[in-house]
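Note that this is a predicted model, so its numbers are computed, not measured. Below, chain A is the first sequence line, B the second, and so on; all start at residue 1.
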Amino acid sequence: MNFQQKVLSLVKHIPKGKVTTYKEIGKAFHKRGQIYRAVGRALKENKLPIIIPCHRVVCSDGSIGGYSRGIKKKIALLKKEGIQIKNNKIIDFKKKLFKF
DNA sequence: CCCATGACTAATT
DNA sequence: AAATTAGCCATGG
């Protein structure tokens with residue numbers, strides 16, 4: 001299985017109303033170092049944004065990060081799922097954070 | 001095989 | 001507290 005596929009699989013498991021960070025995903029890979037770099041890249045290249053809830057993946061500091069379909073869209077989706085956002089930052093980020 | 005790039009982070013300034 | 005720098009992994013040319 002490709003690195004990308006693994007990442008997508010994990011992201012798919014993120015429950016609604018929760019979010020995770022690139023860093024956390026990296027931890028799930030049992031690899032040390034800055035894995036999250038490649039993670040972000042993998043999500044960007046993902047061709048199934050419908051199946052993959054990539055909007056639930058944010059930066060470790062609580063900021064939104066990026067989104068192929070546009071950052072605004074990502075925020076809208078998150079809000080819709082119950083995530084409060086202000087100034088491009090997630091409110092109660094730690095509480096909404098989902099770990100593998 | 002080497003170089004550049006990115007939806008990142010942590011440390012420094 | 002905001003802006004800049006440097007480090008690091010997988011992928012593509």
Q: Excluding sequence neighbours, so at least two apart, what forms side-chain hydrogen bond (donor to acceptor under 3.5 Å, both in side chains) with A/Y36?
A: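 Per chain and number, A/Y36 pairs via side-chain hydrogen bond (donor to acceptor under 3.5 Å, both in side chains) with A/Q34.
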
Q: Looking at every heavy atom in both A/I35 and A/G26, which two are closest together, and how far apart are they?
A: CG2-CA, 3.8 Å

Q: Test: ring pair (Phe, Tyr, Trp, His ring centres under 6.0 Å). Region: residues 46-73 of chain A. Which pairs qualify, not counting sequence neighbours?
A: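 Listed once each, the pairs would be none.
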
Q: Determine, for nucleotides 6-13 of chain C in 5'-to-3' order, which nucleotides have protein heavy atoms under 4.0 Å from the base (write B), from only the sugar-phosphate (write S), or from neither (write -).
A: -BBBBBS-

Q: Which pairs pass salt bridge (Lys or Arg N to Asp or Glu O under 4.0 Å) with one or both residues in residues 56-69 of chain A, sequence neighbours excluded?
A: A/R56-A/E81, A/D61-A/K89

Q: For A/L10, which residues count as a side chain to side chain contact (heavy atoms under 4.5 Å, CB included) partner, sequence neighbours excluded?
A: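 For A/L10, the residues satisfying side chain to side chain contact (heavy atoms under 4.5 Å, CB included) (neighbours in sequence not counted) are A/I25, A/A28, A/F29, A/F100.
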
Q: With sequence neighbours left out, what residues match A/K23 under side-chain hydrogen bond (donor to acceptor under 3.5 Å, both in side chains)?
A: none

Q: Apply side-chain hydrogen bond (donor to acceptor under 3.5 Å, both in side chains) to A/Q5 and list each qualifying residue two or more places apart in sequence or on a separate chain.
A: none

Q: At the 4.0 Å heavy-atom cut-off to chain A, mark where contacts on DNA chain B begin and end, going 5' to 3'.
A: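 First and last nucleotides in contact are B/dG6 to B/dA10.
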
Q: So, using side chain to side chain contact (heavy atoms under 4.5 Å, CB included) as the criterion, who are the partners of A/Q84 when residues are at least two apart?
A: A/I91

Q: Please work out which residues in residues 89-100 of chain A have a non-hydrogen atom less than 4.0 Å from an atom of DNA chain B and list them by number.
A: none

Q: Residues two or more places apart in sequence or in another chain: which of them pass side-chain hydrogen bond (donor to acceptor under 3.5 Å, both in side chains) with A/R37?
A: none

Q: Test: salt bridge (Lys or Arg N to Asp or Glu O under 4.0 Å). Region: residues 90-100 of chain A. Which pairs qualify, not counting sequence neighbours?
A: none

